[in-house]
Amino acid sequence: MSMLKIESVKVSYGAIEAVKGVSLEVRKGEVVTIIGANGAGKSTLLKSICGLEPVAQGRIIVDGKDCTGVPAHQRVAQGVAMSPEGRGVFADQTVRENLMLGAYSRRSSGAAALNTSIEREFARFPRLKEREHQLAGTLSGGEQQMLAIARALMSEPRLLLLDEPSLGLAPLIIKDIFDAIRQLRDAGLTILLVEQMAKQALGVAD
Ligand code: ATP
């Protein structure tokens, strides 16, 4: 069963064709990794999957539904979430507030359900629990990466997009991040991972 199908997708920035006709499939429960040099178009491809860059040509199908022209906020409701390159944490918000923002699409589900999700992420990343009320901008790079992943998971995605989670991190922290990715995979989550750390990425990927 296919969770994500990309058919001949092209994405351009004006005259620059950043993604030149990519096709790939991620089946349910799989971890698929995209490895490539700087500027190869990996981030652009992930942005097109979550609706942050428009597709010039081709189709993006999530869990059997064509969502090529669907705006980003509606794709979250369809089960797509991304941890972006460079983390993109809200620096002036606390760790807890960042997590609450990740659950924006579920804001009507009630405080108890959101608290349960936050506690689940604190169990996954205990360092976030210790820093619950700290401003995200004051976290270390590794902690910000954990927060970016946890924030994405707050929307209860069925497809998680991870853009270079190892970027700029020390080896020990990279190991923690990949352990978390492995646990998510073992729990059955479908993941599309963009990485430059080929060895680690291939170690976790199907
Ligand atoms: P990196 O690992 O460095 O992030 P990448 O494989 O993710 O590389 P992209 O960031 O997708 O590559 O960039 C693909 C191409 O598109 C590059 O040539 C880049 O300069 C260009 N590009 C990316 N974003 C924009 C933008 N907003 N406007 C114009 N060109 C862009």
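The figures here come from the full heavy-atom set of this structure, side chains too, leaving out hydrogens, waters and symmetry mates. Along the sequence shown, the residues carry numbers beginning at 1. Order of listing sets the numbers, starting from 1, for every ligand and every atom in it.
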**OP:** Can you see which heavy atom on Lys42 is nearest to which on Ala37, and at what distance?
**Re:** NZ-O, 2.9 Å
Original post:
Measuring to protein heavy atoms, does anything land under 4.0 Å from atom 19 (C) of ligand 1?
Top reply: no
**OP:** Please write down residue, atom name and distance for the protein heavy atom closest to atom 23 (C) of ligand 1.
**Re:** Tyr13 CE1, 3.3 Å
**OP:** Under 4.0 Å from a heavy atom of Gln196: give me the atoms of ligand 1 that qualify, with their elements.
**Re:** 2 (O)
Original post:
Which part of Glu85 is near ligand 1, with near meaning a heavy atom under 4.0 Å away: side chain, backbone, both or neither?
Top reply: side chain
Subject >> Ring-face cation contact, Tyr104 with Arg107, 6.0 Å cut, 45° max >> reply: yes
Subject >> Any donor-acceptor N/O pair, Ser12 side chain to Ala15 backbone, under 3.5 Å >> reply: no
**OP:** Return yes when atom CG of Asp92 has more than 12 non-hydrogen atoms of other residues, nucleotides or ligands closer than 6.0 Å, and no otherwise.
**Re:** no
**OP:** Output the list of atoms in ligand 1 that are nearer than 4.0 Å to some heavy atom of Ala40, sorted by atom number.
**Re:** 5 (P), 6 (O), 12 (O)
Original post:
Any N/O of Ala18 closer than 3.5 Å to an N/O of ligand 1?
Top reply: no
Original post:
For the side chain to side chain contact (heavy atoms under 4.5 Å, CB included) test, which of Gln144, Met146, Glu143 pairs with Arg87?
Top reply: Gln144
Original post:
Between Gly41 and ligand 1, does any nitrogen or oxygen pair lie at a separation below 3.5 Å?
Top reply: yes
**OP:** Mark up the atoms of ligand 1 that fall under 4.0 Å of a heavy atom belonging to Ala37, in ascending order.
**Re:** 6 (O)
**OP:** Could you tell me the residue and atom name of the protein heavy atom closest to atom 10 (O) of ligand 1, and the distance to it rounded to 0.1 Å?
**Re:** Ser43 CB, 3.7 Å
Original post:
Does any N/O atom on Asn38 come nearer than 3.5 Å to any N/O atom on ligand 1?
Top reply: yes
**OP:** Walk me through it: do Asp179 and Lys175 pass the test salt bridge (Lys or Arg N to Asp or Glu O under 4.0 Å)?
**Re:** CA-CA 6 Å; Asp179 283 348; Lys175 187 185 168 297; 2.9 Å; yes
Original post:
So which heavy atom in the protein is nearest atom 2 (O) of ligand 1, and how far is it from that ligand atom?
Top reply: Glu164 OE2, 2.8 Å
Subject >> Sub-4.0 Å heavy-atom contact, Gly39 with ligand 1 >> reply: yes
Original post:
Where do Met82 and Leu46 land on the side chain to side chain contact (heavy atoms under 4.5 Å, CB included) test, with the steps shown first?
Top reply: CA-CA 8 Å; Met82 176 157 81; Leu46 288 193; 3.8 Å; yes
Original post:
Is the shortest distance from a heavy atom of Lys47 to ligand 1 less than 4.0 Å?
Top reply: no
**OP:** May I ask you to decide if Gln78's main-chain N or O and Arg158's side chain share a donor-acceptor pair within less than 3.5 Å?
**Re:** yes
**OP:** Considering heavy atoms of the protein only, find what lies nearest to atom 13 (O) of ligand 1 and give residue, atom and distance to 0.1 Å.
**Re:** Thr44 OG1, 3.8 Å
Subject >> side chain to side chain contact (heavy atoms under 4.5 Å, CB included) assessment of Phe122 paired with Glu132 >> reply: CA-CA 9 Å; Phe122 283 161; Glu132 180 175 352; 3.7 Å; yes
